[in-house]
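For reference, positions follow the sequence shown, starting with 1.
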Amino acid sequence: MTQRLIYITGECQQKPIVYAIHGEQGDMLIDTGTGSMVHQLDDWIKESNLNVRWAFLTHGHFDHTWNCRFLKQKYGTQIILHEKDRELLALGETRTLYASKYCNKAVTEMCNEINEVCAPYAPFCKVDYYIGNEDTGFLRTLGFDADIVMLPGHTSGSMGVMQGKVLYCGDACSAKNGQYFTAMFGDEPESIIASENRIFELNPIIIAPGHGKIIINERYSGFNKGDKS
């Protein structure tokens, strides 16, 4: 079965987005959303008749990982995460976020405060597969015609999924009014621009971010970065 983007939940800028792709041996969610989304997520899984065998976490922040334990307990879903984000998920650890040159410090401090309050309450969940930087072909062993792309910066272990000309990139970038803009903050701000350059090298037709609407690269010549103010 050909993989495809089949669902987006969380239509506004602030809410996380959950995607799903099909593979030869079952379906995989890309991120899992927040606790407030669990009923919506469960209804969608049942209505779409998804066989959610895996959940690929683009990074370890609580708004992308919160429903892992629910998925594992109800559906037997196996969890995939980069090894460098192990503590973020397993221990509810927070890391200080630093503003990139595209974000003001007040917004970054607000996000740090939210992390400090919410992250320790994220449900513990055992990870089944820890990914290292060398494991870019891992998803192919599970029956997916897709590769892992390392996109550190927002977190040390941030990564995405490249399936054909679609890139699911987590929070390595975001979208504002359908336009691309660089990750605003991260725990490795020096890596944010390098990961942005990697996205432009890949030159996907569609970029599916962790927040905001998908971006269509209609002319196959790179994205309009939009307003970074």
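- Between Tyr129 and Phe138, the ring-plane angle classifies as tilted under the 30° and 60° cut-offs.
- No donor-acceptor pair closer than 3.5 Å links the side chain of Lys126 to the backbone N or O of Lys72.
- Side chain of Asp31 to main chain of Pro16: no donor-acceptor pair is present (N/O by atom type, distance under 3.5 Å, no hydrogens or angles).
- For the pair Asp63 and His211, the minimum side-chain heavy-atom distance is below 4.5 Å.
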Chi angles and distances behind the side-chain hydrogen bond (donor to acceptor under 3.5 Å, both in side chains) call for Asn112, Tyr98
CA-CA 9 Å; Asn112 277 322; Tyr98 300 96; over 6 Å; no
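- Distance alone, capped at 3.5 Å, places no donor-acceptor pair between the Asn133 side chain and the Met150 backbone.
- A cation-pi contact, defined as under 6.0 Å to the ring centre and within 45° of the axis, links Arg86 to Tyr130.
- With hydrogens and angles ignored, the 3.5 Å screen pairs no side-chain donor or acceptor of Ser48 with any backbone N or O of Ile45.
- The closest side-chain donor-acceptor pair between His59 and Asp85, if any, does not fall under 3.5 angstrom.
- Residues Ile80 and Asp128 fail the side-chain proximity criterion, which asks for heavy atoms closer than 4.5 Å.
- Ser158 places no side-chain N or O within 3.5 Å of a backbone atom of Pro152 that could act as its donor or acceptor partner.
- Two residues are said to be in side-chain contact when any heavy atoms from C-beta on lie closer than 4.5 Å; Thr58 and Met159 fail this criterion.
- A 4.5 Å side-chain heavy-atom check between Thr32 and His64 finds every atom pair outside the cut-off.
- Look at Asp147 and Arg140 and you find a salt bridge, because one of the NZ, NE, NH1 or NH2 atoms lies within 4.0 Å of a carboxylate O, short of that distance.
- Hydrophobic clustering (side-chain heavy atoms under 4.5 Å, transitive across Ile, Leu, Val, Met, Phe, Trp, Tyr) groups Ile114 together with Tyr121.
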